[in-house]
Amino acid sequence: MDTRSRAARRLRRAWKVAQIVLLYTALVSVALVTTGPFLWLLSTSLKTVGNVYAFPPQIIPRPVSLDNMIGVWRLLELQKYLLNTIHITAVGLFLTLVVSALAAYPLARMEFPGRNLIFLALVSTLVLPNPAGMIINFLTLQKLRLINTLPAVYLPSIGNAFGIFLLRQTYLSIPAEMEDAARVDGAGELAIWWRVVLPLAKPGIATLAIMNFMGHWNNFLWPLIVLQDPDKYPIATALQYLEGMFQDNFRFVAAGTMFSMVPVLVVFFSMQRYFVSGLAGALKG
Amino acid sequence: MALGAASATSGSASRVTLARPPRKRRLSHTQVRRWVTAYAFLLPALVLMAVFTFYPIIMGMVIMFYDYTVFEPMEFVGFANFSRAFADQDFHKSVLHSVEYIVVVPVLQILSILVAVLVNRSLPGITFFRTAYYIPVVTSTVAVAISWKWLYNSNGILNYALTSLGLIERPLYWLTSKELALPSVMMVTMWKGIGWYMVIYLAGLQSVPKELEEAAAIDGASRWRVIRHVTIPLLKPYVLFATFMSVMGALQVFDEVFVMTGGGPLKSTLTMAVYQYYKAFGAFDFGYAAAIGMLMALMILVFNIPVFRMLAKGGLKYY
């Protein structure tokens, strides 16, 4: 009797351990599928001419070489493209945050004629198709003589309904008492927005900032359309362009791709708290 | 910079109203001032959106009725761009491929739900795995395409693995054969989408009240029956929302196709969005490209009607 129950307990414990092992096996396998292609590219970027097409393929390169990582800076002038990307991302991100944060304030806090109309117009941009958007924006930028300049890359995306709605939602979650107190003290609306509202809206701003950062950093198509001079390309567009030119030296392209991924991954890892909460918020809102 | 501009406009705008006597007596001075302030805050966004968002929506509907190439003056042609599309063999091909692309939707949704169920538990290291699954989503399509092209290479590791496992006899031309190119690109779309939809389903799973599942379990329902009769029905709105987005994404697929195959080989991966791009920025045939875009928007609408119906019928009632 006693031994049998002990055996049953042991069996149950063994089943539990087996379950956990199975679970982690599944988790690790999925992780290998989602990160595998990048790991393989990383491995390739650390290889030499000799072992890139080695047979059988070397998962971990022998020897590990940093030649491609260095060569890609020397030969492809990666810094040029990274500087373009930083320029586009920094200015585009800053302007998007300022414009959205300003526009969201009256929509969250003020009553004024035309408010509903503006709301409707903003919502309509989220649902209406804009199939000719790129064409018309290209023509507009041509008329403004901005084609082949970096502002052409970020200007069209600065005013967007998504950012405004996200920040409006954030403002609405902030209690209005502090603003009223500042108003009683005689502060103007701009001062209230800057000193009282913005500091409290940091989480929402952070969410918008991360999403916008990714959007700008990874954008490749629009720069390809509005920039004619490849020297002005941001990194994603440049990689696509270089990949075609460096077919026979793929290791350099692999190394360049690795460099292009680092900033996005760093931002994502360090701020993923805001990212996931922001996504959940956007879903609910 | 924009900050300074906004405060400057706010200042000058209020000065203008100060100079003008109020039209109606009922409107107090401070009220008008407040309205002006509100519009001053909105001004930068409204100006930018008027130029780069609203104007393109309206103008797009105009130029699809015009023969509009950059080289010649615009000419009104009525529905000629549309009848041209109906007769255009390449456009037919692109529509067919975009519709075929919808195959991605059910597979992607089922995989994402399974992965969400897998990571919806508190285990040591679970955040690490969730993050690892999300990496393809935050990476640029170009980096993704370069990685996958390298895997798909005829001397690549995928062919090596499949040959050494004995699954294939000779290397497959994943991206360069007419038959395989479209499914190969679809694989990448699914792979990049799993993390995104996982987060949506994770939010859904975490919104299922624990009490409901516990109550069912106490009533003696087996684990599977709890999932079948409690969890899945409560997840339905999320499934419909994700399906809606996924169908839209599939019909409009552009990035991964454009970067990996550019529509080839022999137009075997030409999708509507890729075709529209070539017509617009390859041939500068803007009127025709706008018409193709409109047809694309209409198709999205048609394909999403069943999803909308279900949303209205069953999905939203749960909440």
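Just so you know, these numbers use all the heavy atoms, side chains as well, and skip hydrogens, waters and symmetry mates. In what follows, chains are A, B, ... by sequence order, proteins preceding strands, each numbered from 1.
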For [X], is it the side chain, the backbone, both or neither that has a heavy atom under 4.5 Å from a heavy atom of chain B?
| X | result |
| --- | --- |
| A:L221 | side chain |
| A:V267 | neither |
| A:A104 | neither |
| A:I118 | side chain |
| A:L265 | side chain |
| A:I225 | side chain |
| A:V30 | both |
| A:M134 | both |
| A:N160 | backbone |

Please give me the minimum heavy-atom distance between [X] and [Y], naming the atom from each residue.
| X | Y | answer |
| --- | --- | --- |
| B:F52 | A:L144 | CZ-CD1, 4.4 Å |
| B:P56 | A:G133 | CB-CA, 4.0 Å |
| B:A143 | A:M261 | CB-CG, 4.0 Å |
| A:A161 | B:M49 | N-CE, 3.9 Å |
| A:A31 | B:A132 | CB-CB, 4.3 Å |
| A:A103 | B:A45 | CB-CB, 3.6 Å |

Nearest 0.5 Å please: distance from the [atom1] atom of [X] over to the [atom2] atom of [Y].
| X | Y | atom1 | atom2 | value |
| --- | --- | --- | --- | --- |
| A:Y24 | B:F129 | OH | CZ | 6.5 Å |
| B:I63 | A:I135 | CD1 | CD1 | 5.0 Å |
| B:T139 | A:F38 | OG1 | CZ | 3.5 Å |
| A:S45 | B:W150 | OG | CH2 | 11.0 Å |
| A:Q240 | B:I146 | CD | CD1 | 8.0 Å |
| A:R109 | B:F41 | CZ | CZ | 12.0 Å |

Look only at the side chain of [X] and the backbone of [Y], and say whether a donor-acceptor pair between them is shorter than 3.5 Å.
| X | Y | answer |
| --- | --- | --- |
| B:S140 | A:A236 | no |
| A:W40 | B:W148 | no |
| B:Y39 | A:F112 | no |
| A:N218 | B:V138 | yes |

>> Side chains of A:L107 and B:L42, heavy atoms from C-beta outward: is any pair under 4.5 Å?
In response: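 Answer yes - side chains close enough.
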> Considering only heavy atoms from C-beta outward, does the side chain of A:L23 approach that of B:L118 to under 4.5 Å?
Replying inline: yes
In terms of heavy-atom pairs under 4.5 Å with chain A, which of [options] leads?
| options | answer |
| --- | --- |
| B:F284, B:F128, B:W191, B:F54 | B:W191 |
| B:I135, B:I157, B:L202, B:L151 | B:I157 |
| B:V119, B:L295, B:L123, B:T127 | B:L123 |
| B:T141, B:D255, B:I194, B:V51 | B:D255 |
| B:L46, B:L48, B:L301 | B:L48 |
| B:I292, B:T131, B:V115, B:N155 | B:T131 |

> Looking at B:R34 and A:E111, does any basic side-chain N land under 4.0 Å from a carboxylate oxygen?
Replying inline: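 Salt bridge absent between B:R34 and A:E111.
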> A:F138 vs B:F281 aromatic rings, parallel, tilted or perpendicular, using cut-offs 30° and 60°?
Replying inline: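 A:F138 vs B:F281 ring planes: perpendicular.
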> Among pairs that include at least one residue of residues 45-66 of chain B, which meet side chain to side chain donor-acceptor pair (under 3.5 Å), considering only residues two or more places apart or in two chains?
Replying inline: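 Every candidate side chain to side chain donor-acceptor pair (under 3.5 Å) pair involving residues 45-66 of chain B fails, so no pair, neighbours aside, qualifies.
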